[in-house]
Structure formats: C-alpha cells, structure tokens
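This is a predicted model, so every value here is computed, not measured. Side-chain atoms are counted along with the backbone in the values below, which use heavy atoms only and exclude waters and symmetry mates.
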Amino acid sequence: MATIDRLTNVLVYQDISAAHDFLVEAFGFTPGGVERDGEGNAVHAEVRAGDTAIWLHRVAPEHQMRSPKELPAVSGGLYVYVDDVDAHFERARTAGAQTDPEPRTQPYGMYEYGARDTEGHHWWFGSPVST
C-alpha cells in the first residue's frame with residue numbers, strides 16, 4: 001500500500017487575487033503568491049498555515065469546479081487550530097469576515113468560532129480547552 005504523507009487543500013474562487021489577500025489579512029495565513037497567465041489573469045494562488053498549503057483554484061466549469069458564491073450551499077469547510085481564538089476572531093471580524101458564532105466552548109472540548117470568507121467558504125478556528 002502507498003504511504004500518504006501530505007495533504008493540500010484546494011478551494012475554488014472567482015477572484016483568486018482578492019481571496020488570497022483576504023485570507024492573509026483576515027485569517028493570518030502566510031502568503032504564497034498569485035500566479036497569472038500571459039494576460040495578467042490570476043489562475044492560481046497559495047496561502048499557508050504552518051506546513052500546510054491551501055491552493056486557491058480558478059472556477060473551472062470543465063472540471064465542474066465552482067465557487068460557493070455560485071452555489072446554494074457549502075458542503076464542508078476547513079478547521080484551523082490557532083493559539084489565541086479571541087484575538088483571531090477580532091482580527092477576522094475587523095477585516096470583514098462574516099463570523100458566526102462568536103467564540104465559545106463546545107461540548108467536544110474546543111473553544112472556537114466560525115467564519116466565512118469573501119466567497120462563502122466556511123472556516124472554523126479553535127483551540128482545545130485546557131482541563
């Protein structure tokens with residue numbers, strides 16, 4: 001059996017450049033740059049959370065890939081561990097992220113909040129509750 005040793009998340013955006021900048025400003029990801037085609041259109045971007053890459057992919061009808069902005073619902077999201085949930089929440093809200101709910105302790109032992117980015121991808125940010 002093949003060994004799996006790395007995972008890269010891929011999210012689809014209509015406006016890759018704006019999404020890249022928002023994810024860096026609001027959520028504190030490390031910028032990975034925006035790649036453009038010969039006409040200057042953004043075709044790919046990357047942000048990083050520690051060693052984990054998140055690729056920002058263009059809308060691609062030929063692959064049935066759409067932004068949540070075009071869809072009636074989102075079927076999943078990404079959970080990101082942060083060391084200071086309250087400070088992260090304030091940063092995200094100040095930068096214009098739609099937040100819901102505000103940080104709170106969950107029965108499964110996490111202190112967390114939820115947010116949506118500029119195109120509706122769902123994110124959760126949290127830390128384990130100290131016991």
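For the atom pair Trp124 CH2 and Leu78 CG, the distance stands at 8.5 Å (nearest 0.5 Å). With rounding to the nearest 0.5 Å, the separation of CD in Glu102 from CG in Asp86 is 9.5 Å. Separating the OH atom in Tyr79 from the NE2 atom in His122 is a distance of 11.0 Å, to the nearest 0.5 Å. Atoms CD and OG1, from Gln98 and Thr118 in turn, are 9.5 Å apart once rounded to the nearest 0.5 Å. We find the CG-NE2 distance between Leu11 and His57 to be 11.0 Å, quoted to the nearest 0.5 Å. To the nearest 0.5 Å, the span separating NE2 on His88 from CG on Asp83 amounts to 9.5 Å.
With Glu70 contributing its side chain and Ser67 its backbone, the two residues share a donor-acceptor pair below 3.5 Å. Under a 3.5 Å cut-off, the side chain of Arg6 and the backbone N or O of Thr52 do not form any donor-acceptor pair.
Classification of the Phe22-Phe27 ring pair by plane angle, with boundaries at 30° and 60°, yields perpendicular.
The side-chain heavy atoms of Tyr13 and His121, taken from C-beta on, include a pair separated by under 4.5 Å. Contact check for Arg116 versus Val74: side-chain heavy atoms found under the 4.5 Å cut-off. By the 4.5 Å heavy-atom criterion applied to side chains, Met110 and Pro128 are counted as neighbours. With a 4.5 Å cut-off on side-chain heavy atoms, Asp15 and Glu119 count as touching. Counting heavy atoms from C-beta outward, Val47 and Val24 have side chains that approach closer than 4.5 Å.
Scanning all heavy atoms of the two residues, the minimum distance from His20 to Gly32 falls at NE2-N, 3.4 Å. The two atoms that bring Val12 and Arg58 nearest to each other are CG1-O, 3.7 Å, heavy atoms only. Taking both residues in full, the closest heavy atoms of Phe125 and Val85 are given as O-CG1, 4.1 Å, listed atom of the first, atom of the second, then distance. What you find for Arg36 and Gly40 is that their closest heavy atoms are NH1-O, 3.0 Å. In terms of heavy-atom proximity, Val129 sits nearest to Tyr111 at CG2-N, 3.7 Å. Closest non-hydrogen pair, Ala45 versus Ile16, comes out as CB-CG2, 3.4 Å.
In this structure, Glu62 places its CD atom where more than 12 heavy-atom neighbours from other residues, nucleotides or ligands lie under 6.0 Å away. Atom OH of Tyr81 has 12 or fewer heavy atoms from other residues, nucleotides or ligands within 6.0 Å.
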Next item on the list: Quick one: do Leu23 and Leu56 satisfy side-chain contact (heavy atoms from CB on, under 4.5 Å)? Show the steps, please.
Entry: CA-CA 10 Å; Leu23 294 172; Leu56 313 184; 3.8 Å; yes
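In the hydrophobic clustering of ILVMFWY residues, with side-chain heavy atoms under 4.5 Å counting as a link, Val34 and Trp55 come out apart.
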